[in-house]
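This report concerns only the one structure given below.
Just so we're on the same page: letters track the sequence lines, and every chain starts at 1.
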Amino acid sequence: MRRRLGLTARLALVALIMSFLIINATAQTKPVTINVVTLANAELGDVLKLIVPKFEAETPGIKVQLDTLGMDTIWNKVKLDYQSGAGTWDVPILWDWWSSVIMLGNNAEPLNKYMTRDGIDAASYVPELLRDWTWKGTIYGIPYHSGVYTMYYRKDLFSDPKEKAAFKAKFSRELLPPVTWKDYMQIGEFFTRPDKNFYGLAPAGKTQADLPFIWMIYLQSVGIDAFGPDMKPNFDNKASLDFFKLWKKSFDFAPPGNIAVEHFETEPQFLNGKTATLISWTPVGGMIGNPKIGTLKAEQVATLRIPKGDGPNGKHSSMGGTWGMTINPKSKHKEEGWTFIKWLTLHERDLIATNFGYLPARKASYQFDEVKDKDYVQASLRGYENMMTAPPLAEYTDEWLDRMAKVVSAVFGGSKTPEAAAKEGQAISVELAKKAGVYKGN
Amino acid sequence: MIIHTGYGKKRQSRRFLLYFAAIAIVLAFLIPLLWMLLVSLKTRAQLYIYPPQLIFKPTFENYLNAFRVVPLAHSLLNSVIISTSAATLSLIFGVWGAYALSRLKFRGRSVITQLILGSQILPPIAILVPMFLLFFKLRLVGTYTAQILANTSFALPFAIFMLMQFIDDLPQDLEKAAMIDGCTRFGALMRIVMPLIAPGMGGTWILALIFSWNNFVVALALGGRNTNPLPMTLVSFETDRGIDFATASAAGLITVIPVFILVLLSQRFIVRGLTKGAVIGE
Amino acid sequence: MTIQASQLKRPGRKKRASEHYTPLFLLTPTLLLLVVVTLFPLVFGIGVSFTDWKLAFPGLHFVGVDNYTEAIFRSPDFQHSAAISMLFTALAVLTSLVIGFLVAIVLSQDFIGNMLARSIILLPMMMTPIVVGFNFMVFFSNDYGPVNYILQQLHILTRPVTWRGEAWPAFFAILASESWMSTPYVILIFIAGINSLPTEPFEAAEVDGARSVQQFWHIMLPLLRGPLMVAIILRIILATRTFDTVYLLTGGGPGAFTELIGLHIYRVGLGYGQIGRGNAVAILSVIMSLVLIMIALLGLSRMFGRKGTSGRSPSRRSI
């Protein structure tokens, strides 16, 4: 009895070992699955969902598991994941305003050695986009899509003889798309017709991260760098007071209630023929002419750069943001992750972005006909010049964006004077730049 | 308690008043939801017409979209699994705990009571990160277990607090009689106390369920790809390209239906329990 | 096993032994869960509030009570947030109690369809807060919301109000949406309370000729002391946690006017990734809630005397 039991046990053991071997053998031929996370929107999440099967077909060894999350959620989830060191996602595709934490917190794999090995030239990317993913010469992310603040206007109205005559009668100059902030305000005043539910401008004033950028854009447009040499903040000056006065005034020429909306709420206003101009992100270009979103037709819209300052130092300025592909240093499949990134950055994939209104990341992509023909792409491309992005305040960048947004919003809402706001913005910037260790001055 | 409605004509006019008030109340609570229903039936272009239209050509595309753009069906199922489990656990543990704290005399009772109830005041957001790290060390992040346990622990103090009120109001004589007849404490709790506080238990269960159903913090910290409950899915409507209000409204309405059915069904149970409680009270 | 054996022998000791272990047995699951899932992270969280720990960023230093002193003395955002939250919480509690009580009285009556009515008014609290936020974003919008349009048609407003952008209207919009979402909890508690009220004190009062108002103040409210307390505490807790609705409706604006404490904790802790400071703010908010709860409970016992439940006894029937 005991012997037979022993025999059965031994047989069972052999069977167990055999099955283990078989499982291991199949596991070796089984493809590696990499986990990718990005934003759940049409341009990123939906596009990737469409093209991932293509990648899997071309690369039999790798399967991609794609997670798409909401804007705030993705960053919170990824931060928690970094903190735990779990490496849940091999390839997080993230927004460059977060890149300080990603790069300075060692939360992304340096990519230089992969790029050199595989002959991917850093110079082939739009430098302004790669810049946000580079820290002291080390590249931590490959730009994927980008968007730039651009000005959209109603071409049909600006060429309407009746409007032209009326404008000339009022301002004794030709009606032309706005080049300077002064033009911008005049056009705002001219087109604002509340009785017809039509307005000249479409600024957005809700407390959110775009607000400090608008401030910085204005400063740069009159020749002041918001963060000077050695990261010295320059917010407490006359230009800032001008900015607050001008931008607060611009809400008089906007649909009522715009001090409480975000940029994505002003976009439908413009796209449904409620405003004559709009300053917003590049992807609006991809939405023009889509009857599901708005009534405006493609031929009614043209694009321009953001207005420049009125003085002699005036120049065009803009802000941008880039989604960058990174590799989690805790990932167990870095090579496979890199293979995926490399595949995504090739020209044909790079171009997909433009179909959804985003801008491609590689310089060469701008030579293709599909891109060259698009008016908004060209305007945005010019926007790369003097392009702002989030200041490198390391782990204090998010705090800076939020607290500065509150200051700007308080002026728009009337609870703070421009003078107090300029002082407070300066104090916040100095405090955080010092805390982050990027500014040493007093 | 039923407000005495008098007799004859006075009674009739009171009836009328009652129905009028009930309809007004229901409408007041429904209007934002009805508006949501309207939004969910509009295209994006229709939504931006001002003044807002009440009559328009409705589209049902948003409802189909809701299932297409986010994993709505899956997260609905996840939410049901997590919330019902958490609510049931909170109810069972809650009744036991509430009974012990409100009926039994033992050393440290008041300290434990205060600790348990005090923990409810803590906003979940304050312990999100440590909680995440704890479950990470237990290798439970992204599992149902983690979310059920966390939701239970968030709902439990309130469940205990609520049930204690009901048990406090109960006369002790019935239990004592049962225990003289040879029933154990636990038996008295299960057979005498629990049936008597059934309305309270029903209400507690629903509250615990809804607490868990809407707990975004637990979902954010402990949800995983296959176990993400509704809050995580719904929040993904918020992107840098704006919020698709129509689809989000459709999704929001779809997700409220299962809870609504649950509440509608358990109302029957609550009402029965309530009348029972009233009879005993007399 | 040993207990069972002794029970068999000496039935007299059975009760005492089991009596001794019952609390332990009944409380074990609760305590275990709370210690592991809440208390441990809480102690950890309190510890973290004395450090400069940043999420996903290396470097951790002990900073003493700096996070607390910074919030209390040097952070205008926190100071304002605490003040506006106190006001918000007080108003939210009042609104919900008054509306909740009136609705509960109507819905606790016996009429056809009251089950459906009760279920419908519970709908708002079943909505995920984020969806409520989306919904009220549209509802209060100047572009496509009905509120301004209706109020202007009714000549209550002469000009459109920016519900999401002007300080007090925004505060009101948040109060309205948050109360819409949370009042059903209060209603549920009151319905349960009203339904388990004994009838004899009311019958007695009727015999004595007391009017409805007197019945309400002198019999009903004291009898509902328990549910009232539950409702107040729950409402304070819910109001302190509000953040998704505010985040979506106003983003805390204009400026930081409507940045309630829940949103402030979320922003500092998770948004900025400054967990140390975020936890300090969270713990301060707990103290704030405690103070509010104490005030409310003190007020309650002032109103009804120390033993409000004694109103139940028939000897108190004279009013």
Using non-hydrogen atoms and a 4.5 Å limit, figure out which bit of [X] sits close to chain B: side chain, backbone, both or neither.
{"X": "C:Ser285", "result": "side chain"}
{"X": "C:Leu33", "result": "both"}
{"X": "C:Ile261", "result": "neither"}
{"X": "C:Ile121", "result": "both"}
{"X": "C:Val132", "result": "neither"}

Heavy-atom side-chain proximity of [X] to [Y] below 4.5 angstrom:
{"X": "B:Phe29", "Y": "C:Ile187", "result": "yes"}
{"X": "B:Pro123", "Y": "C:Thr240", "result": "no"}
{"X": "B:Val39", "Y": "C:Asn135", "result": "no"}
{"X": "C:Phe134", "Y": "B:Ser249", "result": "no"}

C:Ile112 atom CD1: more than 12 heavy-atom contacts under 6.0 Å: no
Proximal component of B:Leu209, with respect to chain C [non-hydrogen, under 4.5 Å]: neither
Contact class of B:Leu128 relative to chain C, heavy atoms under 4.5 angstrom: side chain
Whether C:Tyr144 and B:Phe245 hold their rings parallel, tilted or perpendicular, with breakpoints at 30° and 60°: tilted
[X] side, atom [atom1]; [Y] side, atom [atom2] - distance, nearest 0.5 Å:
{"X": "C:Phe243", "Y": "B:Ile125", "atom1": "CZ", "atom2": "CD1", "answer": "4.5 Å"}
{"X": "C:Leu26", "Y": "B:Arg103", "atom1": "CG", "atom2": "CZ", "answer": "13.0 Å"}
{"X": "C:Tyr266", "Y": "B:Leu220", "atom1": "OH", "atom2": "CG", "answer": "7.0 Å"}
{"X": "C:Leu27", "Y": "B:Phe106", "atom1": "CG", "atom2": "CZ", "answer": "5.0 Å"}

Verdict with supporting geometry, B:Trp96 and C:Thr30, side chain to side chain contact (heavy atoms under 4.5 Å, CB included): CA-CA 9 Å; B:Trp96 295 357; C:Thr30 301; 6.0 Å; no
Top contributor to chain C interface from B:Gly97, B:Ser153, B:Ala100 [non-hydrogen pairs under 4.5 Å]: B:Ser153
Selection from B:Ile116, B:Thr255, B:Leu30 maximising heavy-atom pairs under 4.5 Å formed with chain C: B:Ile116
Residue, of C:Gly133, C:Pro129, C:Pro184, that accumulates the most heavy atom pairs under 4.5 Å with chain B: C:Pro129
B:Asn214 (side chain) donor-acceptor with C:Met125 (main chain) under 3.5 angstrom: yes
Nearest heavy-atom neighbours spanning C:Met127 and B:Gly252: CE-O, 4.3 Å
Minimum heavy-atom distance B:Ile121-C:Ser289, with the two atoms named: CG2-CB, 3.5 Å
Chi angles and distances behind the side chain to side chain contact (heavy atoms under 4.5 Å, CB included) call for C:Leu123, B:Phe260: CA-CA 7 Å; C:Leu123 268 170; B:Phe260 182 66; 3.5 Å; yes
